[in-house]
Amino acid sequence: MVDMTTIEGLCKRRGFIYRSSEIYGGFNGFFDYGPLGVELKNNIKAAWWQDFVQRREDMVGLDSSIIMHPNIWKASGHVEGFSDPMVDCKESKLRFRADQLFFAKVEVDSETIGYVSVLEDGAMQKEAEDKAAALKRKLAKQGSLGEIVLKNYMDAKPFEYELIPSPATGNAGTLTPPRDFNLMFQTYVGALRDETAVAYLRPETAQGIFANFKNVIDTSRVKVPFGIAQIGKAFRNEITPRNFIFRSREFEQMEIEYFISPHADWKKLHREWIDCCKQWFVSIGIPADALGEDIHPQEKLAHYAKACTDITCNFPHGLQELQGIAVRGNFDLTQHQNASGKALEYFDEAIKEKYLPHVIEPSLGVDRTFLAVMSAAYAEDEVPNDKGEAEKRTFLKFHPRVAPFKAAVFPLVKNKPEIFDRSREIFKRLQNRWNVFFDATGAIGRRYRRQDEIGTPFCITVDFETVEGNGSVTLRERDSTKQIRLSVDEVVKYIEDAGA
RNA sequence: GCGGGCAUAGUUUAGUGGUAGAACAUCUGUUUUCCAAGCAGAUUGUGACAGUUCGAUUCUGUCUGCCCGCACCA
């Protein structure tokens, strides 16, 4: 597997991805897609939209706003769930969730001799009492130990932060006060900057779908089972964005909420979605053997989820999640129905029954898909140069469907007007249909290599035979470097048949 | 967020308390009848902000970013 540094370097050098705000020193967790990157990214999104929305009868699309009513995030659980106050131990460098850290005052004959701390678990009361007894022995105090009353660290008084020992080291004074790490970006809507004006940038696109569920069933004649798909930006204030675009603070998701009857065989449908999504990855050039499945064990699932399977992919930094496919029951619709007070039930004509549909949620990161496509496409081989010596070649074997340029057109030489003009004509013709590139600079071999490195599947060269002979051109194939002679009409068909 | 390392052109790098040098890439011209050729020329850099100094890319500090670990996270 190619390493991340190589991918990052290539992305930068060829204009796929730049670090955001680079002229100001960069901005951690944000990236900009350059001229080739935006093409590849758009092609990935278009392929997904075509395959999952336009070419299916049971799917419709949606594009909801990024900033929505703040109550949506309260109902979905994001306001609470995405903001866990954390406590750092400055000595051991460990970090704890404040709500899972407990402490108690230790008293002997009503005199406070110190504090003990424990992490939340079933036996924490006994652990705290043992620690208190140990502390009493250590300080050689006589008398009777007072009752150990555990309190949550969140409820500690400011002066107590200095006195509570770290559960990791037992030493006091090393813990920080609880600090907020809200993963949602906040902003204010309207002129006033008070609590009532707080709004959030969405941390996922899914809630926009749930919030519009009633609108869609009322206006688009869909019948369960059906899905709503959405592609859009999402924002998470990640503590440590890392691994290039794999985890960033602003990213793009392609999400589906597929609504099914509560009586449906969800296990079977879940399996079908997993297979369907995997096939789609293969169809855009990610090899099947790079993909895996990570089935979440029951105890790791959110309380409302019935199952969740991640489709994993072999990334430069290891086997990591590419797409999560969860079976979520009807938790979200229930939450929004209760919070909004609006009935969101669907009336199923077939069985004359009203219900809140359950959902299967395939959720995919565009940027992760980009990285997966890029890594899978990266290849090196050796090609003989004009002296017949083998020379290293770097190329991207993109599937024609996602390749930024579908083809490049070259005049073999640029100082022969007939050849040059003819190549411009052919270029213009192809450009009407596809994103194609024209290059007349440098030796022909150099032009081929430049296209190889940005993953252009075909190069079309106009030579003397084109203008003096039967008008045929050469079509050179990227992966094999083989050339064939074709008429221009045949070239169009060839590119079309390749799936561009 | 914590600890450690790092920061010179688009990339890889050399060097210095006194005007920063190369290779590759890019661009122009020329040449070229199919795989990074040749020739001539050109553009581009000390991450940012302070401090010490007559003078800082070099020394010091702060910030920013990157890499590695921890922690966190889907």
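All chains are named by letter (A, B, ...) in the order of the sequence lines, taking the proteins before the strands, and each is independently numbered beginning at 1. Values reported hereafter were calculated over all heavy atoms of this structure, with side chains retained and with hydrogens, waters and symmetry mates removed. A quick note: this is a predicted structure, and the numbers were derived from the prediction, not measured.
To the nearest angstrom, P of B:G10 lies 17 Å from CD of A:E8. To the nearest angstrom, P of B:U12 lies 13 Å from CG of A:L10. If you measure from atom CZ of A:R242 to atom C1' of B:C72, you get 11 Å, rounded to the nearest angstrom. As a whole-Å value, the separation of A:L364 CG from B:A74 C1' is 12 Å. Taking atom CG of residue A:D479 and atom P of nucleotide B:C35, one finds them 19 Å apart after rounding to whole Å. Put simply, CD1 on A:I7 is 17 Å from P on B:U11, counting in whole angstrom units. The CD atom of A:E380 sits 17 Å away from the P atom of B:A36 (whole-angstrom rounding). Between the OH atom of A:Y18 and the C1' atom of B:C66 there is a distance of 19 Å, given to the nearest Å.
Distance noted for atom C1' between B:U8 and B:G21: 11 Å (whole Å). Comparing B:U46 with B:A37, their C1' atoms sit 34 Å apart, to the nearest whole Å. A distance of about 23 Å separates the C1' atoms of B:A23 and B:U19, rounded to the whole Å. Taking atom C1' in both B:U16 and B:A25, the straight-line distance is 27 Å, to the nearest Å. If you take atom P in B:G47 and the same atom in B:G15, they sit 16 Å apart, rounded to whole Å. The gap from the C1' atom of B:G45 to that of B:A7 amounts to 13 Å, rounded to the nearest Å. B:A56 and B:U13 have their C1' atoms separated by 22 Å, given to the nearest Å. B:C24 and B:U60 have their C1' atoms separated by 36 Å, with the value rounded to a whole Å.
When the nucleotides B:G10, B:C73, B:A74 are ranked by their closest atom to the side chain of A:K12, B:G10 comes out on top. Proximity note for A:R449 (side chain, C-beta onward) versus B:C35, B:A74, B:C66: the nearest is B:C35.
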Each nucleotide N or O in nucleotides 42-49 of chain B that has a protein N or O under 3.5 Å away: list the pair and distance.
none

Could you go over nucleotides 22-27 of chain B and give all protein N or O partners under 3.5 Å, atom names and distances?
{"residue": "B:A25", "atom": "OP1", "partner": "A:R446", "partner atom": "NH2", "Å": "3.1"}
{"residue": "B:U26", "atom": "OP1", "partner": "A:R450", "partner atom": "NH1", "Å": "2.7"}
{"residue": "B:U26", "atom": "OP2", "partner": "A:R446", "partner atom": "NH2", "Å": "2.9"}

Review item, nucleotides 32-34 of chain B N/O atoms under 3.5 Å of protein N/O:
{"residue": "B:C34", "atom": "O2", "partner": "A:Y448", "partner atom": "OH", "Å": "2.5"}
{"residue": "B:C34", "atom": "O2", "partner": "A:Q483", "partner atom": "OE1", "Å": "3.4"}
{"residue": "B:C34", "atom": "O2", "partner": "A:Q483", "partner atom": "NE2", "Å": "2.7"}
{"residue": "B:C34", "atom": "N3", "partner": "A:Y448", "partner atom": "OH", "Å": "3.3"}
{"residue": "B:C34", "atom": "N3", "partner": "A:T474", "partner atom": "OG1", "Å": "3.2"}
{"residue": "B:C34", "atom": "N3", "partner": "A:Q483", "partner atom": "OE1", "Å": "3.3"}
{"residue": "B:C34", "atom": "N4", "partner": "A:D463", "partner atom": "OD2", "Å": "2.9"}
{"residue": "B:C34", "atom": "N4", "partner": "A:T474", "partner atom": "OG1", "Å": "2.9"}

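Contact annotation for A:R247: base contact, defined as any heavy-atom pair under 4.0 Å involving a base atom.
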Decide yes or no on side chain to side chain contact (heavy atoms under 4.5 Å, CB included) for A:L62 and A:T205, but give the supporting numbers first.
CA-CA 10 Å; A:L62 180 76; A:T205 56; over 6 Å; no

Let's go through A:D332 and A:Y304 carefully: what are the C-alpha distance in whole Å and the side-chain angles of both, what is the deciding distance for side chain to side chain donor-acceptor pair (under 3.5 Å) to 0.1 Å, and is it a yes or a no?
CA-CA 9 Å; A:D332 301 274; A:Y304 49 80; 5.9 Å; no

Stepwise side chain to side chain donor-acceptor pair (under 3.5 Å) check, A:S472 with A:N470
CA-CA 6 Å; A:S472 68; A:N470 60 6; 2.9 Å; yes

For A:S76 and A:Q207, what are the C-alpha separation, side-chain angles and deciding distance, and is it a side chain to side chain donor-acceptor pair (under 3.5 Å)?
CA-CA 7 Å; A:S76 69; A:Q207 295 306 321; 4.6 Å; no

Show the numbers, then the answer: is there a salt bridge (charged side-chain N to carboxylate O under 4.0 Å, His left out) between A:K278 and A:E293?
CA-CA 10 Å; A:K278 283 173 93 168; A:E293 286 177 32; 2.8 Å; yes

Which is it for A:R242 and A:R247 under the side chain to side chain contact (heavy atoms under 4.5 Å, CB included) test, yes or no, and what are the steps along the way?
CA-CA 6 Å; A:R242 213 171 268 194; A:R247 172 170 293 124; 5.9 Å; no

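Distance check, rounded to the nearest 0.5 Å: CD of A:Q230 to CD1 of A:I256 gives 11.5 Å.
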Dot-bracket, RNA chain B: Watson-Crick or G-U, under 3.5 angstrom, [ ] crossing, | other strand?
(((((((..((((....[..)))).(((((.......)))))....(((((..]....))))))))))))....

Tabulate below the donor-acceptor pairs under 3.5 Å that side-chain atoms of residues 405-418 of chain A make, not counting sequence neighbours, or state none.
{"residue": "A:K406", "atom": "NZ", "partner": "A:P400", "partner atom": "O", "Å": "2.8"}
{"residue": "A:K406", "atom": "NZ", "partner": "A:R401", "partner atom": "O", "Å": "3.1"}
{"residue": "A:K406", "atom": "NZ", "partner": "A:A403", "partner atom": "O", "Å": "2.9"}

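In this structure, the side chain of A:R249 does not engage the main chain of A:F30 through any donor-acceptor pair within 3.5 Å. Judged by distance alone, with hydrogens and angles left aside, the side-chain atoms of A:R368 form a donor-acceptor pair with the main-chain N or O of A:E321 at under 3.5 Å.
OP1 or OP2 of B:C66 lies within a sub-4.0 Å distance of a side-chain N or O belonging to A:N28.
More than 12 heavy atoms of other residues, nucleotides or ligands lie within 6.0 Å of CZ in A:F438, so this atom counts as buried by the packing criterion.
A salt bridge does not link A:E490 to A:K493: none of the charged nitrogens lies less than 4.0 Å from a carboxylate oxygen.
Ring-plane geometry between A:F213 and A:F259 is classed as tilted, the angle between the planes lying from 30 to 60 degrees on a 0 to 90 degree scale. Classified by interplanar angle (parallel below 30°, tilted 30° to 60°, perpendicular above 60°), the ring pair A:F315/A:F246 is perpendicular.
Place A:N243 and A:R368 on RNA chain B by their nearest nucleotides, and A:N243 ends up nearer the 5' end. Looking at which nucleotide of RNA chain B each of A:H296 and A:V383 is closest to, the 5′-most match is held by A:V383.
The salt bridge (charged side-chain N to carboxylate O under 4.0 Å, His left out) test applied to A:D452 returns A:R393, A:R476, not counting sequence neighbours.
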